[in-house]
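This report refers to the structure that appears directly beneath it.
Because the structure is a prediction, the values reported are computed rather than measured. All values below come from the heavy atoms of this structure, side chains included, with hydrogens, waters and symmetry mates left out.
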Amino acid sequence: MKVLFFAALRETMGRSEIEIVLEAPTTVGALKSMIKLPNGETLNAVSRTQSIMAAVDQEMVDDLAMVSVASEVAFFPPVTGG
Amino acid sequence: MKVLFFAALRETMGRSEIEIVLEAPTTVGALKSMIKLPNGETLNAVSRTQSIMAAVDQEMVDDLAMVSVASEVAFFPPVTGG
Amino acid sequence: MYRSILIQVEDFSLDAALAELKMQSGLAGGLCFFTGAVRNSNLDEAVGGLYLEHYPGMTERQLDQIVDEAARRWTLHGAMVVHRIGHLKPGDNIVLVAVSASHRGEAFDACEMIMDYLKTNATFWKKESIPDGYRWVEARSSDEAKATAWDA
Amino acid sequence: MYRSILIQVEDFSLDAALAELKMQSGLAGGLCFFTGAVRNSNLDEAVGGLYLEHYPGMTERQLDQIVDEAARRWTLHGAMVVHRIGHLKPGDNIVLVAVSASHRGEAFDACEMIMDYLKTNATFWKKESIPDGYRWVEARSSDEAKATAWDA
């Protein structure tokens, strides 16, 4: 499955996209614990101090949402368009 | 002094402007009784059945407003711009 | 605050108004525009065209006072009103109100208030051509209600 | 109801949007437009420019849902959203929302609701260049409050 990062989080991650092979469906929250920043911290740890939003298959979701082995997941800061 | 008519009232009057010589200041209401339509009716009579607005020197006023011997007075139907 | 009030036969351009507001009134973040256009029917009758007349001098003064009132209520960078007169066809533009402000909410509110006041407080009259001939458009109580709602 | 949703690097034209709405959505009497432009300062710092990015695919879908919601609440003839991405300078246009309706009140309300929802519910992000370098713009709680006010 594909994980995308946008804006400030893309810069923190140092990349816009990673591939993760899931053996079974999981939750957004669990996925956040699996993803590590370049400094070794997990995305889950980061999200305790800064607001990180998530989308699964291009729909906004919370940490309890399910992620399938073929989902497109994205993490990003609060939006600032317009 | 000058009296102007606009829109439907201009058509009813058959003219856009008349001159009236006032000997002394009067009220808008009194002026309406002095002005006759082509059919002989006074503007005052007409204003009992249809809404006629008045302006003195380009400010909206009611029938009690004073008209000086040099005022510009206008009568017209409710406005419909925009 | 920049302002421009025009009553004219000619059509107007929203892009030109946008450029004028940006140039004259500083870099406002939010710009709201309203355009009224001639419809092709009214009161269930086909409308072939519109004739618009105004009270020269008084109308400009009223529009100026309406913009004053908007500027008193909100912090505006600029406000423009362009109202056409003469003969217009269905689809033609009638009026443009354009407002620039730092905050979008103020731009929306001021633009709508100016339009609502213009409808009931500016000496314009519309005559429409219908299949039977012509008729002068009558003032609507709903417009009066919208304008007075700003005082509530 | 006509709708058009575009995310693009290129600038847009309000006159073109007006013509498109008139052509595609029938002769609506009232058309409301909102344009957001890049300001030259933010949080008391000079802003030299803006970089805008978005989540391709998801953003278009969200904008479509926002227009759906506006069309559910009001009787609209047409709605257009154009949002720019990439590098922009102070004064440049960022976003255009254009709505046509039979009644002006509906055009104003729908246009403002679409803007308020777009601010908080569409995946765009702004990075601004300031004298010290760059910073990502932070979401504002006032925008959140404006968007949720439509549900009250």
Pair count under 4.5 Å, heavy atoms only, with chain D: among C/L31, C/L18, C/I94, highest is C/L31

Under 4.5 Å from any heavy atom of chain D - which part of C/A17
neither

With respect to chain C, which residue among D/A37, D/A16, D/P90 yields the maximal number of heavy-atom pairs within a distance under 4.5 Å?
D/A37

Residue pair D/F33 / D/L14: nearest heavy atoms and the distance that separates them
CE2-O, 4.0 Å

Of the non-hydrogen atoms in C/V67 and C/I114, which two are nearest, and what is the gap between them?
CG2-CD1, 4.4 Å

D/M1 versus D/A71, closest heavy-atom pair with distance
SD-CB, 3.6 Å

Determine the minimum heavy-atom distance between D/A110 and D/L76, stating which atoms define it.
CB-CD2, 3.7 Å

D/A28 versus chain C, the contacting section by heavy-atom distance below 4.5 Å
backbone

Would you check if C/V81 and C/L6 make a side-chain contact, meaning some heavy-atom pair closer than 4.5 Å?
no

Got a list of the donor-acceptor pairs under 3.5 angstrom between chain D and chain C?
unit_1 : atom_1 : unit_2 : atom_2 : d
D/S13  : OG     : C/D15  : OD2    : 2.6
D/L14  : N      : C/D15  : OD1    : 2.7
D/D15  : N      : C/D15  : OD2    : 3.3
D/D15  : OD1    : C/L14  : N      : 2.7
D/D15  : OD2    : C/S13  : OG     : 2.6
D/D15  : OD2    : C/D15  : N      : 3.4
D/K22  : NZ     : C/G91  : O      : 2.7
D/K22  : NZ     : C/N93  : OD1    : 2.6
D/G29  : O      : C/A37  : N      : 3.0
D/L31  : N      : C/T35  : O      : 2.9
D/L31  : O      : C/T35  : N      : 2.8
D/F33  : N      : C/F33  : O      : 2.8
D/F33  : O      : C/F33  : N      : 2.8
D/T35  : N      : C/L31  : O      : 2.8
D/T35  : O      : C/L31  : N      : 2.9
D/A37  : N      : C/G29  : O      : 3.0
D/G91  : O      : C/K22  : NZ     : 2.7
D/N93  : OD1    : C/K22  : NZ     : 2.6
D/R104 : NE     : C/D116 : OD1    : 2.8
D/R104 : NH1    : C/D143 : OD1    : 3.1
D/R104 : NH2    : C/D116 : OD1    : 2.9
D/R104 : NH2    : C/D143 : OD1    : 3.3
D/D116 : OD1    : C/R104 : NE     : 2.8
D/D116 : OD1    : C/R104 : NH2    : 2.9
D/D143 : OD1    : C/R104 : NH1    : 3.1
D/D143 : OD1    : C/R104 : NH2    : 3.4

Contact winner vs chain C - D/A98, D/G30, D/A107, heavy-atom pairs under 4.5 Å:
D/G30

Evaluate the criterion side chain to side chain contact (heavy atoms under 4.5 Å, CB included) for residue pair C/V95 and C/F124; output intermediate values, then yes/no.
CA-CA 11 Å; C/V95 61; C/F124 291 103; over 6 Å; no

How long is the straight-line distance from CD1 of C/I130 back to CG of C/L43, given to the nearest 0.5 Å?
9.0 Å

